[in-house]
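Structure record follows, encoded as structure tokens.
Order of the sequence lines sets the chain letters (A, B, ...), proteins ahead of strands, with each chain counted from 1. Computed from heavy atoms alone, side chains included, the values below leave out hydrogens, waters and symmetry copies.
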Amino acid sequence: MVPVPRPEPELTRFASRVLDVVDRIPPGQVLTYGDVAEYLGEGGPRGVGAVMARHGAAVAWWRVLRADGTVAPGLEDRALERLRAEGTPLARGGTRVDLSRARWDGR
DNA sequence: GTGCTGACACAGG
DNA sequence: ACCTGTGCCAGCA
């Protein structure tokens with residue numbers, strides 16, 4: 001192939017893959033950062049978190065949570081409001097998601 | 001290449 | 001249940 005210079009990859013390949021997965025999470029269900037990383041087979045939880053921090057606004061970012069069902073600091077209010085609106089099963093007085101019921105099986 | 005910063009996970013205490 | 005340390009890894013200066 002002739003080396004055609006590409007303008008600038010808006011997103012790295014990894015970032016694109018992360019957003020792609022998040023985009024498939026059905027309403028009312030969630031995934032953890034680790035789930036996404038495991039599904040992709042690369043990056044790890046922190047890699048996913050890094051992508052979400054920069055590009056999360058483009059997708060349903062509120063459907064990606066920590067491994068214990070809590071939401072990242074500073075996002076609790078906005079996330080829980082949306083999660084409630086979707087009917088996502090909550091626990092602990094509505095302060096966290098009930099992962100045993102809300103975790104997406106990937107299908 | 002080097003070093004630092006996080007929307008993380010997990011084991012201890 | 002909460003706090004801390006360690007391992008982890010993408011993105012950026």
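Of the two residues contacting DNA chain C, namely A:Arg54 and A:Pro45, the nearest-nucleotide position lying further toward the 5' end is that of A:Pro45. Between A:Ala50 and A:Leu65, the residue whose closest nucleotide on DNA chain B is further toward the 5' end is A:Ala50. Toward the 5′ end of DNA chain C lies the nearest nucleotide of A:Arg92, the other residue of the pair A:Phe14 and A:Arg92 mapping further downstream.
Rounded to an integer number of Å, the gap from A:Glu38 CD to B:dC8 P is 18 Å. The distance between atom CG of A:Asp35 and atom P of B:dA7, rounded to the nearest whole Å, is 19 Å. A:Leu99 has its CG atom 14 Å from the C1' atom of B:dC8, to the nearest Å. Residue A:Leu40 contributes atom CG, which lies 11 Å from atom P of C:dA10 at whole-angstrom precision. Spacing between atom CE of A:Met52 and atom P of B:dA9 amounts to 12 Å, rounded to whole angstrom units.
A:Tyr33 contributes a side-chain N or O that forms a donor-acceptor pair with the base of B:dA7 under 3.5 Å.
With B:dA9, B:dA7, C:dG11 as the choices, the nucleotide that has an atom nearest any side-chain atom of A:Thr32 turns out to be B:dA9. Each of B:dC8, B:dA7, C:dG11 was ranked by its minimum atom distance to the side chain of A:Leu75; first place goes to B:dA7.
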Worksheet item: Would A:Val71 and A:Arg96 satisfy side chain to side chain contact (heavy atoms under 4.5 Å, CB included), going step by step from the backbone distance to the final call?
Response: CA-CA 7 Å; A:Val71 184; A:Arg96 70 197 305 179; over 6 Å; no
Fill in: side chain to side chain contact (heavy atoms under 4.5 Å, CB included) evaluation trace for A:Tyr39 with A:Arg24
CA-CA 12 Å; A:Tyr39 189 86; A:Arg24 291 179 192 164; 4.2 Å; yes
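A side-chain contact (heavy atoms from CB on, under 4.5 Å) with A:Val64 is found for one member of A:Val30, A:Ile25, A:Val18 and no other, namely A:Ile25.
Within the 4.0 Å cut-off from OP1 or OP2 of C:dA10, not a single side-chain nitrogen or oxygen of A:Thr12 is found.
The closest donor-acceptor contact from the side chain of A:Asp20 to the backbone of A:Arg17 lies at 3.5 Å or more, if one exists at all.
Counting any heavy atom pair closer than 4.0 Å across all strands shown, A:Ala67 reaches sugar-phosphate atoms only and no base atom. Note on A:Arg66: only backbone sugar-phosphate atoms sit closer than 4.0 angstrom, heavy atoms only; bases stay farther off.
For A:Trp62 and A:Glu86, the side-chain atoms include at least one donor-acceptor pair closer than 3.5 Å.
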